[in-house]
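Side chains included, hydrogens not; waters and symmetry mates left out as well; all remaining heavy atoms used.
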Amino acid sequence: MTTSLFGTLANFIALFAFVALSNQLLLTLFDWSKWVHAKEWANPTRLRLFILLLSLALGTLLFNFFQVVISICQSLFVSLK
């Protein structure tokens, strides 16, 4: 499967959008002071880094899920044509 520069750029932008969206949702939806009780997580920089890494993993997972769903739908439509 060959991808063009436009396709690669579009994938990168979509991945960045999913990571940014999951980061924003993790920051706004959860009260992290209720979830994190350990003394070592009292440092806000460490907590922000944890949320960033968690949003990176969640955004990548969501991006791959939607990419597979779109691929399946495209193959179904081609086969029904």
G59 and F18: which non-hydrogen atoms are nearest, and at how many Å? O-CB, 3.6 Å
Note: S22 and L58 closest approach over all heavy atoms is CB-CD2, 3.9 Å
I'd like to know if L54 and L27 are part of one continuous hydrophobic network [Ile/Leu/Val/Met/Phe/Trp/Tyr, side-chain heavy atoms within less than 4.5 Å]. yes
Single-linkage hydrophobic cluster F66~F16, side-chain heavy atoms < 4.5 angstrom: no
pair I51-R48: side-chain heavy atoms closer than 4.5 Å: no
Any L26 side-chain heavy atom under 4.5 Å of F30 side chain: yes
Would you compute the distance between atom [atom1] of [X] and atom [atom2] of [Y] and round it to the nearest 0.5 angstrom?
X	Y	atom1	atom2	answer
I13	T8	CD1	OG1	11.0 Å
L53	F50	CG	CZ	8.5 Å
L56	T60	CG	OG1	4.5 Å

I'd like to know if the side chain of S71 and the backbone of Q67 have a donor-acceptor N/O pair within less than 3.5 Å. no
Here's a test for you: under side-chain contact (heavy atoms from CB on, under 4.5 Å), which of I70, V68, V69 qualifies with I72? V68
